[in-house]
Amino acid sequence: DKNTLMIVPLPQYVEELPGQFEITKKTQLFVHDQIVKYIAQTLSDKIESTSHFKLSFSELYPENNYVTFLVDTTLQLTDEGYVLEVSESGVEIKGKDMAGVFYGLQTLLQLLPTEVESPKFVQRMKWVVPFVKIKDEPRFKWRGMHLDVCRHFVPVENIKKHLDMMAMVKLNTFHWHLTEDQGWRIEIKQYPKLTEIGSRRIEGDGSEYGGFYTQEQIKEIVAYATERNITVVPEIELPGHALAALAAYPEYSCTGGPFKVRNTWGVESNVYCAGKEATFTFLENIIEEVVELFPSPYFHIGGDECPKDRWKECSLCQKRIKDEGLKDEHELQSYFVKRIEKVLLKHGKKMIGWDEILEGGLAESAAVMSWRGEEGGIEAANQGHDVVMTPGNWCYLDHYQGDHRVEPVAIGGYTPLEEVYSYDPVPDHLREDKKHHILGTQGNVWTEYMYTPELVEYRVYPRILALAEVNWTAKEQRDYDSFIYRLDNLHRRMDMHNVNYHIPLPEGPVDKMVFVDNIRIEFSNTWN
Ligand code: NAG
């Protein structure tokens, strides 16, 4: 039974064999290629911190008692795929590429006792792994998590914790939402006021709230992610959701301000002025600094919820509409986005944006992140654009995942673990020849009501683990009961990492309740 091994996400092919291999002091590590040495090193580090013994590297291929790491580009697998074999003589990890080797190791770690994730020494550990043959590859390329660090700030250490968990379940994309109406969180050297002014807000009670990342910290996070096969996609929002930037530099708005960094949630009507050339120079300069920090091929420009009120009243915006022969403010938004697209192309970056960028005409090279349902994604795919599916009903991890009467307050919605798990990113009615445009899915973590890093964890886990399996495992192989069974392994690993995960209970918003002798005997959930 494939369920006996508690691996999340479920591998494509598993063959369990009787017997087990034990990693001891005498076990030797061997890397066929120095570039994967740091991956082997993580195994050695984990064993060392829990058992106080070091695994040594062998120069020659050891005859037995080994853990070997090899990149084999000839493997009949997609990128990031791997083969893991555990037998009497040891453990062999072969990756299609470096990512594959890394994922082979992640699977090995999940097969080892959970204590391998312990941050401290554990008495008398026996590092046994069952004999097994695993052949595995991902279903999707974009396996992500988004994090809004603007509504509430998330410190560097907590981001690293998420990256550790993401790596464990083979998620490879961290979409970092860095700018908002409520805060600008990335240092830009040419525009110091963006953080001096834009990273702080005065809350309703008069207290100050703030935080931002220096460029050094950004580099640290990107390096940490890269070691874990995670691409960090930065998001710099435009033309809307930009009030924090406008509080610092009101000259790039239509009215000239003054503005305060917003301290309430919702949609803000003051946006970047599309009529002023200076706005574009400002954004170009910002982008120039940001692309230097992020090796990611993709760059997220936001694009959602941009009210057109100011543009309608602004003489410069109206002049732009006339001069460029645009039909209306939607086409003005499209003009705005297309100018930014050119800047990104110049830097060799692919643009991605929320599905509103379809309105008024989609930029030629843009990929679309579909959040208002799947319709935008379907439309974009039909037009031949790549798509990341993140419809609210399944992928918004700011929703409640339990009964709202007992849960800490959330923005709304109800998206329990099982519903997240049930998501399929490729809509049935998408044309067959367009299906390859679906890159994958991600969990979106908007932090209006996540006041602390602990609350972020409470909303994210375990739901992101379900999305990890949606992204990795073949659709036919997915099974919720099996997932729940295997999840236990990850619960223990999250304990080791001190993650404040939500424990699913048989609770939920009630739409049907039956009382017998004043005792509630039945209720059902509303999500389906
Ligand atoms: C939307 C906004 C976002 C907000 C979230 C709350 C997108 C693309 N835009 O209203 O700023 O935090 O939903 O669920 O999601």
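Counting starts at 1 for both ligands and their atoms, following the listed order. Here the structure is a predicted model, which means the values were calculated and not measured.
Applying the salt bridge (Lys or Arg N to Asp or Glu O under 4.0 Å) rule to K161 yields the partners E457; only residues at least two apart in sequence or on another chain are considered.
Side-chain contact of K434 with Q383: a donor-acceptor pair under 3.5 Å is absent, judged by distance alone. In this model, a donor atom of one side chain and an acceptor atom of the other lie less than 3.5 Å apart for D495 and Y501.
Closer than 4.0 angstrom to ligand 1 by heavy atom are R151, E180, H241, D304, E305, W354, W371, Y396, D398, I411, W446, E448, sorted by chain and number.
When each of H175, H177, E237 is checked for a side-chain contact (heavy atoms from CB on, under 4.5 Å) with H300, only H175 meets the rule. Screening E469, M166, E80 for a side-chain contact (heavy atoms from CB on, under 4.5 Å) involving R143 leaves a single residue, E80. Of the candidates E305, H241, E235, E235 is the only one forming a side chain to side chain donor-acceptor pair (under 3.5 Å) with W354.
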